[in-house]
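Side chains are part of it too, since the values below use all heavy atoms of this structure and drop only hydrogens, waters and symmetry mates.
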Amino acid sequence: ARHVEAGGALHRDVEAGAAGDAGARRLALLSLPSLYRPGMTALAGYALLEAGVPPDDPAIRAMETYCRMSLPDRYSVYSASFCALFLAKADVQRNRDVLERIAAYLVREQHSNGMWSYSAQGRDRRGISESGDNSNTQFAVLALKVLHDAGIEAPRRVWERVRKHYERTQNSDGGWG
């Protein structure tokens with residue numbers, strides 16, 4: 001395996017099966033922690049794990065370390081959600097402390113209407129309140145489900161709020177949007 005030093009983190013070209021080689025190498029190299037936010041690193045790491053790269057692979061461990069070092073308070077809802085998916089898939093026990101902090105962050109960031117939004121505390125850069133959106137909400141729900149499966153529970157009120165939101169906003173054709 002060829003090693004690449006980038007941004008202080010060691011990544012190696014991933015040796016995968018024939019068809020996945022190029023894509024896996026690109027994901028490992030494009031997710032360099034010094035260049036991307038934690039969520040993008042986590043998404044790449046999750047994709048590599050899904051492609052069969054083992055959790056103890058040096059590229060995965062470097063991405064995991066970067067996500068672990070990024071405090072959940074600095075995440076967006078997307079980044080926190082992707083980090084939860086990745087870190088739980090990589091190793092729940094090793095990452096339990098960070099997963100618990102991500103769960104607390106997601107619970108804290110939920111709006112009273114049951115939704116989540118892009119920015120911390122539901123405010124944009126100008127301090128104007130946001131009502132949330134279904135995309136951030138769906139990723140928060142996915143992360144909370146993965147965390148639930150790992151034994152990290154969200155309060156019942158979080159699930160009740162999001163259920164009420166989707167019931168309240170469902171279109172007559174059964175969809176949303």
Side-chain angles (χ1 to χ4, degrees), residues 20 23-24 26-27 30-31 36-53 55 60 63-64 66-68 70-177:
R26 281 190 194 103
L27 281 174
L30 288 176
S31 68
Y36 294 93
R37 296 185 313 231
M40 291 185 180
T41 298
L43 181 58
Y46 185 84
L48 289 169
L49 290 171
E50 283 292 319
V53 175
I60 297 293
M63 292 178 203
E64 188 179 348
Y66 177 71
C67 288
R68 287 182 54 78
S70 301
L71 298 174
D73 299 345
R74 300 161 111 183
Y75 292 162
S76 68
V77 169
Y78 281 128
S79 287
S81 298
F82 285 132
C83 285
L85 297 172
F86 169 58
L87 292 173
K89 187 160 189 69
D91 190 315
V92 168
Q93 293 312 313
R94 183 172 57 235
N95 295 309
R96 181 164 290 284
D97 61 325
V98 176
L99 293 169
E100 288 172 351
R101 290 188 298 173
I102 291 171
Y105 169 83
L106 291 172
V107 167
R108 188 173 63 246
E109 293 302 315
Q110 187 186 36
H111 297 261
S112 60
N113 66 1
M115 298 178 82
W116 283 264
S117 61
Y118 286 97
S119 56
Q121 301 297 322
R123 301 206 173 272
D124 71 10
R125 284 183 231 158
R126 298 164 296 167
I128 298 172
S129 180
E130 298 175 323
S131 61
D133 66 83
N134 284 338
S135 182
N136 276 284
T137 299
Q138 78 171 348
F139 279 102
V141 169
L142 286 170
L144 289 170
K145 170 65 167 107
V146 165
L147 294 168
H148 168 83
D149 292 347
I152 301 168
E153 300 292 331
R156 184 174 188 86
R157 74 179 176 346
V158 170
W159 298 110
E160 289 171 358
R161 283 180 188 163
V162 75
R163 178 185 51 79
K164 287 178 183 175
H165 159 70
Y166 280 114
E167 287 175 348
R168 184 177 57 252
T169 61
Q170 187 172 22
N171 297 332
S172 60
D173 66 1
W176 289 268

Worksheet item: Between the side chains of Ser135 and Tyr78, does any donor sit under 3.5 Å from an acceptor?
Response: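 Yes, because at least one side-chain N or O of Ser135 sits under 3.5 Å from a partner of the opposite role on Tyr78.
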
What heavy-atom pair brings [X] and [Y] nearest, and what distance separates the two atoms?
X      : Y      : answer
Leu106 : Ala143 : CD1-CB, 3.8 Å
Arg68  : Leu87  : CG-CD2, 4.2 Å
Gly132 : Ser117 : CA-CB, 3.7 Å
Ala84  : Val146 : O-CG1, 4.2 Å
Ile152 : Arg96  : CG1-NH1, 3.1 Å
Leu144 : Ala154 : CD2-CB, 4.2 Å

Going from [atom1] on [X] to [atom2] on [Y], what distance comes out if it is rounded to the nearest 0.5 angstrom?
X      : Y      : atom1 : atom2 : answer
Lys164 : Arg157 : NZ    : CZ    : 12.5 Å
Tyr105 : Ser81  : OH    : OG    : 8.5 Å
Leu142 : Lys145 : CG    : NZ    : 10.0 Å
Ile60  : Tyr46  : CD1   : OH    : 12.0 Å
Glu64  : Cys83  : CD    : SG    : 11.0 Å
Glu160 : Arg156 : CD    : CZ    : 5.0 Å

Worksheet entry | Partner set under salt bridge (Lys or Arg N to Asp or Glu O under 4.0 Å) for Arg168, not counting sequence neighbours |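 Checked Arg168 against salt bridge (Lys or Arg N to Asp or Glu O under 4.0 Å); zero matches.
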
Worksheet item: Please walk me through it: do Met63 and Leu48 pass side chain to side chain contact (heavy atoms under 4.5 Å, CB included)?
Response: CA-CA 11 Å; Met63 292 178 203; Leu48 289 169; 3.4 Å; yes

Worksheet item: Between Asn95 (side chain) and Val98 (backbone), is there a donor-acceptor pair under 3.5 Å?
Response: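 No, the answer is negative, given that no donor and acceptor are paired below the 3.5 Å cut-off.
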
Worksheet entry | Full working for side chain to side chain contact (heavy atoms under 4.5 Å, CB included) between Phe82 and Thr41 | CA-CA 9 Å; Phe82 285 132; Thr41 298; over 6 Å; no

Item to complete: Let me see the working for Lys89 and Glu50 under side chain to side chain contact (heavy atoms under 4.5 Å, CB included), right down to the final yes or no.
Response: CA-CA 9 Å; Lys89 187 160 189 69; Glu50 283 292 319; 2.7 Å; yes

Item to complete: Quickly, which of Asn113, Asn134, Thr137 forms a side-chain hydrogen bond (donor to acceptor under 3.5 Å, both in side chains) with His165? Name it, please.
Response: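 For His165, the side-chain hydrogen bond (donor to acceptor under 3.5 Å, both in side chains) test succeeds with only one of Asn113, Asn134, Thr137, which is Asn134.
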
Practice prompt. Evaluate the criterion side chain to side chain contact (heavy atoms under 4.5 Å, CB included) for residue pair Gln110 and Met115; output intermediate values, then yes/no.
Written response: CA-CA 6 Å; Gln110 187 186 36; Met115 298 178 82; over 6 Å; no

